Amino acid sequence: MTAVDGDQVASDSYDARALQDKWQARWAKENPFTASEDPADDRPRSYVLDMFPYPSGDLHMGHAEAFAIGDVVARYRFQLGENVLHPIGWDSFGLPAENAAIKNGTHPAEWTYANIETQAESFKRYGVSLDWTRRLHTSDPEYYRWNQWLFLRFFERSLAYRKEGLVNWCPQDQTVLANEQVVQGRCERCGSEVARRSLNQWYFRITEYADRLLEDMEQLEGNWPERVLLMQRNWIGRSTGADVDFTIEGRAEPVTVFTTRPDTLYGATFFVVAADAPLADELCTPEHRADLDAYKEQVARLSDIDRQSIEREKSGVFLGRYAINPVNGERIPVWAADYVLAEYGHGAIMAVPAHDQRDLDFALTFDLPVREVVETGEGDPAETGTATPGEGRLMNSGPLDGLAKGEAIDRIIEVLQERGTGTASVNYRLRDWLLSRQRFWGTPIPIIHCPDCGEVPVPDDQLPVKLPDNLRGADLAPKGVSPLAAAADWVNVECPACGGAAERDTDTMDTFVDSSWYYLRYCSPHTGDAPFDVDKVAEWGPIDQYVGGVEHAILHLLYSRFFTKVLYDMGLVSFTEPFRRLLNQGQVINQGKAMSKSLGNGVDLGEEIEKYGVDAVRLTVLFSGPPEDDIDWADVSPAASLKFLNRAFRVMVEAGAATAPGADPSQGDVALRKATHQALDKITVAVEAHRFNVAVARLMELVTAARKAIDSGPGAQDPAVREAAEVIAVTLSLFAPYAAEEGWERLGHAGSVAIGNWRTPVPELLTQESVTCVVQVSSKVRDKLEVAPDIEPDELERLALASEKVQSFIGGKEVRRVVVKAPKLVNVVVA
RNA sequence: GGGGCCGUAGCCCAACGGCAGGAGGCAGCAGGUUUAGGACCUGUACAGUGCGGGUUCGAAUCCCGCCGGCCCCA
C-alpha cells in the first residue's frame, strides 16, 4: 500500500513509518537544527535545554514526555526565525554502569557507550530538533578533565576541602551515599540499613553561598515553578537567632549553641549534645562512658529523618557534667541524645522544654525540670505535655520580664554581647556538599597525597587524570575503599611538589559535579584549553528555557546555581543564574501508579511508536494535559492522536492538490480565513504560555473548519483552504514534525517547514463584525443581542433596556443599577 | 505539627470575576458511507464546578472553614 520510491512517499494517507524514514534521512543530511556561530548572523539567539539523560538503556516514556515538551519550545523558537541552541549530551558516569560491569565481567564504558548509541538513535527517530554537532558525554576524558580543572580552581579558593565527618555508609554497596540516596534509613538501591560512619571526605563549600542562593531567587520569581523555589528555600533553611556560649564545668573553653529563641534562655533547664559529635565523647565522665558507647552504637543505625521524628520515643544518656547558663548562672545537666544532629548548628543545644516540643518530650521522659518563661495563655506544658512555642510576654526571665518576643530577642542579644557570652547569628540547614565517592565510574579527584607535602594538586598540564583502563568486572566490586585503590600502577606517583613517593586520591567525584556545568560546555563543546569559551558562553548564556523533572528541584538545580555563582566570581560567566525559565514536566504513569516491573504496568516507548508512530506519541503526550501534570497512559489515546493526524494530513494533501503555492488568500473564503487567523493567534498565545494541550485543541478546531470548507463550503480549490492548510502544517510542526514536513511538501513547498515559517495573524481577520452581548436581569441571562464590538456603553445600555424580554423580566420593578461591560455583557439589577 | 498544590460530565482536560446551550479529545449512543472489518463523515445524551459559609450586580475563579488526594519541611 505504501510505495516508497527513493525520496518520495506516494501514499495520500498518513503513513507514519514511511514518513519517519524519509524525513529522518533528510534531517540527517541537512542538519536544519544546527546552531549558527556565524558572526554575521544577527538573528536573535535563544538557548533551550532539556536535562541531559542518563544512559540507562533505551529512552523511555519519561524521556518521551520531557523531550516532546522541550522540543515544542525549541521548535517554536526555530519557527520564529531565531538562532536556536538546542544541544544534547549524556550524563554518562554513575553506579549502574559499574554494577553492570561487575555482573558481566566487563568495563563500565562498554555498557555506557552502547546505551548512548541506542539512545542517540532513538532521539533521531523521535524527531527532536537537536544540534548533533555539540554532543558530549561526561565520561569522556575531554569532558571530565574539566571537572578536575574546576575542582582545582575551587580548591585554590578554599571552596573544595577535605574534612573528617559523619557520612551515610551503605554496608552492602560499600560506599558513602548522598543524603538523597537514603530513604527511610535504608539504601535506596539495595535496601540495606544505612550506617553512620566517620570518614575523611572532600566537600564543596556551598554553605558559603547560602545567602546568595537565597537572594538570587528574586531573579527566578515568576519564571521558575513556585514550589521549586519554595523547596530550595526550605532546603537552605536560613534561620536567625543567636549563638550563646555556655561554660561547661571542667572545660576551659565554653561551648557555643545556636538558638532561634534566645528570648527563652531563662527557660533552659538542661543541655544536649549530639550523641555522635566528638563533643559528647569529650564531655562524658568515666562513670558514664559505657552508657554512652552503647548508646552511640544504637544511634549510628538511624537516619537523620528518624532521629528528628517527633513520634519517636526520646532517648539519651546523662554525661555526668553540668553547664552554666550565662544569664542566670544556673547549673544545668549535660545530656547526649540523638535528636540533636552533630552537623546542625554547633552540634549542641540549650533545651527549653516549656516551649519546644522535642525538648519537652525529652524532659518528661527523663524527669527533667520544665520552666515556663513565655506567658502564652495556654496550659502549663509540664502538665499538658504540649509545649507552647507561640508568642507572649516573657516571665521568670529577670530583665526580660514583660517584654514581647521580638523585644526580648533584641534585648537578650544586647546583654549577651555586653558580657561577651553571645551574639546574633544566622544558621542554615544546608550543609556542605559531600562530593567524594568510593566508586570507579566517575571523575578521579585530581589530588596527590604526599607524606611530606600533604594534599598536592595535580598540575593543570597533567590533566586529565584518566581512569585506569585495566580494571574489569570483579576488580570493580565493592570492597570498602574505592576500586581505584587496587590499581597500584595508577595510585603510586611522584609528588608534583617534592618528587618523593606519593599516592593519588582514589575517590571519584559525585556525578552531580558533571551536571553542574555541562550547559556551559555546550556553548563551545570542542574547546581544548578551557572548560568552555568565555565569549561563547556570554553569547549564548544563560539558558532561556530549561526543561526537566521536579525530582531535581533541589540537588541538581541547587548545585548548578552554586557553580554558576562561583564561576561568576571567577569572572568566567557574566550571569549569576544559569536557567532563566524552568519548566517541570510531570511523570508518565499507568493505571494510577508509577510504572514498575513488579506491577507489570510498564509502557514501552518503542512499542508505542511501533503501533502509532512518533508523531502520534508526541501529540498524545502534549495533548493529554498541562505539561506539569502527570500523564496516566491509561487515560489517553494515541489512537485518537493518530486519527487526528490523518485528518490533518488529508487536508494538507487535498489543498496541495487543488492549488499552488502563492495563491492569493485575500481572494479566499472570509469565514475560513477568520477561523485560520483566530486559530493561529490562539495557538501562538497558548504555546508561549506553555499550554500545549490548548494549542493542540485549537489546531484540531482549525482542521475541522478546513475539512468543512472542503466538503461543504467553498471547496478545496479556494485559496483560503490553502492558507488554512499551510497554517496547519506550520503549527503542527511543533507537535508532529513528520506529518508537518510531508504536508508542507505536498502543499508544494521545498525545504523544511520547521525553520522561520511562523506567521503573524492579520489583525483585521481577528476582529468580528458583531459580538453576542449577554443581557442579564439580576444576574440571570434573559436576552442576547448582536452588537458591534466597539459599541459605546451608553448605546449598549439603551439597547438592552429596550429589549422586550428584558422589560418583561423587569416587570415594572425598580431598576437599581445597570452594570455595562461593553460589548459582552449588561446586567440590569432590579429591586 | 507547619507550609504549598489540586478537586469541573463515565474518563482526560478548557474557561481575563461575566452565557458551564463546556474549547478539544476518549469512551457511549444514533444516522450516513463501506462487500465485510476497519477507516471516514454527520449528529447526539451526560456535569452545574468536592461540601458549607462569605465578599460581589455577578464566583469554577477571590476570602474563611471542613472533606478527599498529592507534594515539601519538621
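The figures here come from the full heavy-atom set of this structure, side chains too, leaving out hydrogens, waters and symmetry mates. Below, chains carry the letters A, B, ... as their sequence lines are ordered, and counting in each starts from 1. It should be emphasised that the depicted structure is a prediction, and the values quoted were computed from it without experimental measurement.
Taking the centre and axis of the six-membered ring of Phe809(A), the NZ or CZ atom of Arg782(A) falls inside the cone set by 45° and 6.0 Å.
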**Message:** Does the protein touch nucleotides 26-36 of chain B at the base, only the backbone, or not at all? Give it as B, S and - per nucleotide, heavy atoms under 4.0 Å.
**Reply:** S----------

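The partner of U55(B), taking Watson-Crick or G-U wobble pairs whose two distances both stay under 3.5 Å, does not exist in any strand shown. Here C5(B) sits opposite G69(B) as a Watson-Crick or G-U wobble pair (both hydrogen-bonding atom distances under 3.5 Å). In this entry U44(B) has G28(B) as its Watson-Crick or G-U wobble partner, both defining distances falling under 3.5 Å.
Judged as a side-chain hydrogen bond (donor to acceptor under 3.5 Å, both in side chains), and not counting sequence neighbours, Gln678(A) has no contacts. By the side-chain hydrogen bond (donor to acceptor under 3.5 Å, both in side chains) test, Arg233(A) pairs with Glu221(A), sequence neighbours left out. Taking the side-chain hydrogen bond (donor to acceptor under 3.5 Å, both in side chains) definition, one finds that Ser733(A) meets it with Gln79(A), sequence neighbours left out. A search for salt bridge (Lys or Arg N to Asp or Glu O under 4.0 Å) contacts involving Glu797(A) returns nothing, not counting sequence neighbours.
Scanning residues 684-713 of chain A for heavy-atom distances under 4.0 Å to RNA chain B yields Arg691(A), Asn693(A), Ala697(A), Arg698(A), Met700(A), Glu701(A), Lys708(A). Listed by residue number, the members of residues 727-737 of chain A with any heavy atom below 4.0 angstrom from RNA chain B form an empty set. Taking every heavy atom of residues 786-806 of chain A and every atom of RNA chain B, no pair lies under 4.0 Å.
Residue pairs meeting the side chain to side chain donor-acceptor pair (under 3.5 Å) criterion with at least one partner in residues 632-650 of chain A, sequence neighbours excluded, are Glu608(A)-Trp633(A), Thr620(A)-Ser641(A), Arg647(A)-Thr704(A).
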Show every donor-acceptor pair shorter than 3.5 Å between a side-chain atom in residues 814-831 of chain A and any protein atom, with sequence neighbours excluded, or say none if there are none.
residue   : atom : partner   : partner atom : Å
Asn827(A) : OD1  : Ser779(A) : N            : 2.9
Asn827(A) : ND2  : Ser779(A) : OG           : 3.3

Pairs under 3.5 angstrom only: tabulate donor-acceptor contacts from the side chains of residues 710-717 of chain A to other protein residues two or more places apart or in another chain.
residue   : atom : partner   : partner atom : Å
Asp711(A) : OD1  : Arg707(A) : NH2          : 3.0
Asp711(A) : OD2  : Arg707(A) : NE           : 3.1
Ser712(A) : OG   : Lys708(A) : O            : 3.2
Gln717(A) : NE2  : Pro714(A) : O            : 2.8

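In this structure, NZ on Lys682(A) lies 14.0 Å from NE2 on His677(A), to the nearest 0.5 angstrom.
Ion pair Asp211(A)/Arg238(A) flagged as a salt bridge, since at least one NZ, NE, NH1 or NH2 atom sits closer than 4.0 Å to an Asp/Glu carboxylate oxygen.
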**Request:** Take Glu742(A) and Tyr14(A), measure what side chain to side chain donor-acceptor pair (under 3.5 Å) needs, and give me the verdict at the end.
**Result:** CA-CA 9 Å; Glu742(A) 183 68 15; Tyr14(A) 170 76; over 6 Å; no

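When ring centroids are compared, Phe362(A) and Tyr339(A) come within the 6.0 Å threshold.
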Detail all sub-3.5 Å separations between protein N/O atoms and N/O atoms belonging to nucleotides 53-63 of chain B.
residue : atom : partner   : partner atom : Å
C57(B)  : OP1  : Arg817(A) : NH1          : 2.9
C57(B)  : O2'  : Ser779(A) : OG           : 3.1
C57(B)  : O2   : Asn827(A) : ND2          : 2.4
G58(B)  : O4'  : Ser779(A) : OG           : 3.0

